[in-house]
Novice: 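The structure's right below; bear with me while I get my questions together.
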Protein chains: 2
Amino acid sequence: MKKTIFVFGILIIALLSLFQLSSYSIMAGDLSSEVFIAITAIIFLILGFWLQKRRKERTIQPKPAPIDSEKISELGITDREHEILVKLSEGLSNKEIGETLFISESTVKTHLSNLYSKLNVKRRTQALQQAKKLHIL
Amino acid sequence: MKKTIFVFGILIIALLSLFQLSSYSIMAGDLSSEVFIAITAIIFLILGFWLQKRRKERTIQPKPAPIDSEKISELGITDREHEILVKLSEGLSNKEIGETLFISESTVKTHLSNLYSKLNVKRRTQALQQAKKLHIL
DNA sequence: TGCGGTTTGGTACTTTCGTATGATAGGAAA
DNA sequence: TTTCCTATCATACGAAAGTACCAAACCGCA
């Protein structure tokens, strides 16, 4: 809301400035009114372009659905657990996850078991589905 | 490309019309130049707004990424296999898939094995990742 | 310094998954 | 009609995954 007021303020000021400038210049005979109209056209064309771009960017934001850090901590999921969840989504086996993170397969299993109970699921595929649903992945 | 030319043509014509109008009116003393500048500003602000909106809508189109039926047949994946793939993405076990589709677990395994070789993967989690990558899901 | 959470690891056991192989049946195409 | 594809199911075996329970080391905080 504040931004809207600010933008409109700028617009009004810009318009008034142009009026002043045009009055002076035309009276002084420096420039023709056509030039001012052209300048005004260009400036406001760009301004409209820019404003719409801003607006679009803001409304489009919630599309990619980024990871929801709040949800993660809300569910009590630790960093390590989430790290393993990411590897899970890459289709790695427990053994492979262990190898890439330099820990034993046992540890991976432990983390996964804890993760499953926190996500309230029973299988890794369910965990993936749930994680995507909760925007944790 | 044709549209660009068309739009610029319209713009130039609009500007020239404004010039003509302004010349007549100012000479006739009907309207002040300020009014014309204001009108120009509004028109081109809206125009810029509209143009950017059009542009955004076009560039944003390829976002949703739906299922690629071509890819499916290209890989030789049958309807039944894809059906099972969908159930897989819902986190169901082989047994559960069999129950929802009214077939035995053995059959599910057979379909999945075939699916894995077609997707060139070894595990169900990899199949999910690959399927999403290929826009099959 | 002790408590609680995190990370790590192990053993033992059950369940699920994946592969191999073979078999039957229906439908479409040659 | 024979062949090919799809879908169905079974058995058997090995490989992953998952569960339960336990334990040690570390770290921050009260």
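Order of the sequence lines sets the chain letters (A, B, ...), proteins ahead of strands, with each chain counted from 1. Not measured: the values here are computed from a predicted model.
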Novice: Quick one: salt bridge (charged side-chain N to carboxylate O under 4.0 Å, His left out) pairs with a partner in residues 111-126 of chain B, sequence neighbours left out?
Specialist: A:E96-B:R123, B:E81-B:K118

Novice: Without decimals, in angstroms, what is the distance between B:L112 CG and D:dA7 C1'?
Specialist: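 Distance check: B:L112 CG to D:dA7 C1' gives 14 Å.
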
Novice: Would you indicate what A:S106 reaches in the nucleic acid, counting non-hydrogen atoms under 4.0 angstrom: base, sugar-phosphate, or nothing?
Specialist: base

Novice: If a protein heavy atom is under 4.0 Å from the base, mark B; if only from the sugar-phosphate, S; if neither, -; do that for nucleotides 20-30 of chain C going 5' to 3'.
Specialist: -----------

Novice: Taking the side chain of A:K109 as heavy atoms from C-beta outward, which of C:dT8, D:dA10, D:dT19 is closest to it?
Specialist: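 The answer is D:dT19.
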
Novice: Quick one: label A:T107 by what it contacts on the DNA or RNA (base, sugar-phosphate, nothing), any heavy atom closer than 4.0 Å.
Specialist: base

Novice: Using whole Å, report how far CD of B:E83 lies from P of D:dT6.
Specialist: 15 Å

Novice: The side chain of B:D79 is closest to which nucleotide in this list: C:dG9, D:dA10, D:dA7?
Specialist: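 It is D:dA7.
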
Novice: Which is more 5' along DNA chain D, the nucleotide nearest A:R123 or the one nearest B:L101? Just name the residue.
Specialist: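 It is B:L101, whose closest nucleotide lies nearer the 5' terminus.
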
Novice: Tell me whether A:I67 shares a hydrophobic cluster with A:L128, the cluster being built from Ile, Leu, Val, Met, Phe, Trp, Tyr side chains joined at under 4.5 Å.
Specialist: no

Novice: Do nucleotides 25-30 of chain D as a string where each nucleotide becomes B, S or -: B if the base has a protein heavy atom under 4.0 Å, S if just the sugar-phosphate does, - if no protein is that close.
Specialist: ------

Novice: Only counting residues at least two apart or in another chain, list the ones meeting salt bridge (charged side-chain N to carboxylate O under 4.0 Å, His left out) with A:K95.
Specialist: none

Novice: Rounded to the Å, how far apart are A:R124 CZ and C:dG18 C1'?
Specialist: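 Those two atoms, CZ and C1', are 14 Å apart.
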
Novice: Atom CD of A:Q126 and atom C1' of C:dC17: how far apart are they, to the nearest Å?
Specialist: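 After rounding, the gap between these two atoms is 15 Å.
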
Novice: Rounded off to whole Å, could you give me the CG-to-P distance for the B:L128 and C:dC17 pair?
Specialist: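 Distance, rounded to whole Å: 12 Å.
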
Novice: Specify the residues of residues 85-96 of chain B, ordered by number, for which at least one heavy atom lies under 4.0 angstrom from an atom of DNA chain D.
Specialist: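 Nucleic-acid contacts, sorted: none.
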
Novice: To 10°, what angle do the rotation axes through the five end pairs on each side of the helix from C:dT1-D:dA30 to C:dA30-D:dT1 form?
Specialist: 40°

Novice: What's the closest nucleotide to the side chain of A:Y116 if the choices are D:dA10, D:dG18, C:dG18?
Specialist: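 So the side chain of A:Y116 is nearest to D:dG18.
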
Novice: Roughly how far, to the nearest 0.5 Å, is CG of B:N120 from CG of B:L115?
Specialist: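 The CG atom of B:L115 sits 12.0 Å away from the CG atom of B:N120.
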
Novice: Among A:K87, A:E90, A:H111, which residue meets the side chain to side chain contact (heavy atoms under 4.5 Å, CB included) test with A:I97?
Specialist: A:K87

